[in-house]
> 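Got a structure for you, written out below as structure tokens; questions coming shortly.
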Amino acid sequence: MSLTQPSTGAAEPFGGSLLPGFHRLSLGARRAWLERAFDISASEVALLEDPVPLRPEVADRMIENVIGVHGLPLGLAVNFLINGRERVIPMVVEEPSVVAAACHAARLGRAGGGFVADADPALMIGQIQLVGVRDVDGAIARLQARSTELVATARALTPSLCVRGNGPRALEVRRLCDPEARDMLVVHVLVDTGDAMGANVVNTLVEELAPHVEQVAGGRACLRILSNLADHRLARAEVRVAIAELATSSMPGTVVAERIVAASRLAALDPYRAATHNKGIMNGIDAVAIATGNDWRAIEAGAHAYASRDGRYRGLSEWRTVEAQLRGNIELPLAASTVGVLTRVHPSVRLALRVIGATDARDLAAVMAAVGLASNLAALVALVTDGIQKGHMALHARAAAAALEASK
Ligand code: MEV
């Protein structure tokens, strides 16, 4: 599609996301395209002109001791084909080259059919820690025997979730051996939170359910809080890149692919590299999380805990070659929401959600996984060829010059 192509009115709102040259347009021309492509009113787009799109009076009620509103760049990553659907990805990030890198990798993935991604139902874990349980074996047996009844109590405590077909699903009992004290019990309540991230609903539930659990198990409830290791709520993405597409002027595609596989193995074996590998993945995921009003700290915490689930911290993605393709895949917990507070009060979050076109929280999580994998691919391509600094520093120099100009 060309940048001037009018909306087709077909299944996609704008006929495609492959937009070569989008980065060369002026800010005004990009906004004009946004207006046309997504049928967004001029007044809504004009909100982006406002250096403080979130009104300070609203901000003042969101957190404490407010003195202002903090702004960050909002960009669009183009070229993404995810599950056969064209997607334009809003990203909020301060680091130069993150958006460009995502666009580049999205383009690399298109010839192989784009990204394939999915996400599990939104099953969150609420934890109830029990301390001072005298008969741990007996408590486990009683909790297991009465788990159906406890789940029914949990459902009765969450009517507004259950009425939407979500709500508590199951109860799990975990025994934790503590070398310094008596074994501890932790009860997990698994709750389908639908399109919500779920922290509030789960935290309220475990606080209200705890006395019922104490009654069955004995002992006292200590912590009652959601777990950010949302490992029942995983998102996955896969991409296939034709090895020939990876060739640079000085390196054949086969060598680039081999080197990416070697880099992937390093991230699997070495936590020092894995941390940086995963940081590159989170560059993409966090940027989408912030643009869409999601709790990126929760997503970060879940991702890193999942990366060390077998006792050693590893890369969240893997790359391998299969015949003439480089194939990458990623899996991580992604507690994404399409209905958080910011979706009601923040104009650019609302706009971002419209642009990304998420049908629900699972769809958004799947898209985030694909963007994380794309960010990872772009970083690896740069690292194993020219090195990261060449492209990054050119964009960084541009940002630094702009900052200097603005401070004059
Ligand atoms: C920089 O923000 C991210 C990278 O360090 C990721 C990586 O090394 O894979 C380039």
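Order of listing sets the numbers, starting from 1, for every ligand and every atom in it. Residue numbers start at 1 and run along the sequence shown.
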> Could you tell me which non-hydrogen atom of Val93 sits nearest to which non-hydrogen atom of Ala287, and how far apart they are?
CB-CB, 4.0 Å

> One pair to check against side chain to side chain contact (heavy atoms under 4.5 Å, CB included): Thr338 and Thr343. What are the steps and the verdict?
CA-CA 7 Å; Thr338 50; Thr343 62; 5.7 Å; no

> Just wondering, are more than 12 heavy atoms of other shown residues or ligands nearer than 6.0 Å to CD in Glu208?
yes

> Any idea which atoms of ligand 1 are less than 4.0 Å away from a heavy-atom of Thr276?
5 (O), 6 (C), 7 (C), 8 (O), 9 (O)

> Do the rings of His304 and Tyr313 sit parallel, tilted or perpendicular, given the 30° and 60° boundaries?
parallel

> With a 4.0 Å heavy-atom cut-off (strictly under), which part of Asn283 contacts ligand 1: side chain, backbone, both or neither?
side chain

> Numbering the atoms of ligand 1 from 1, which are under 4.0 Å from a heavy atom of Ile388?
10 (C)

> Which pair of non-hydrogen atoms, one from Ala274 and one from Gly315, has the smallest distance, and what is that distance?
CB-N, 3.6 Å

> Kindly identify the option in Lys279, Glu95, Arg273 whose heavy atom sits closest to atom 8 (O) of ligand 1.
Arg273

> Which of the numbered atoms in ligand 1 are under 4.0 angstrom from any heavy atom belonging to Leu383?
7 (C), 8 (O), 9 (O)

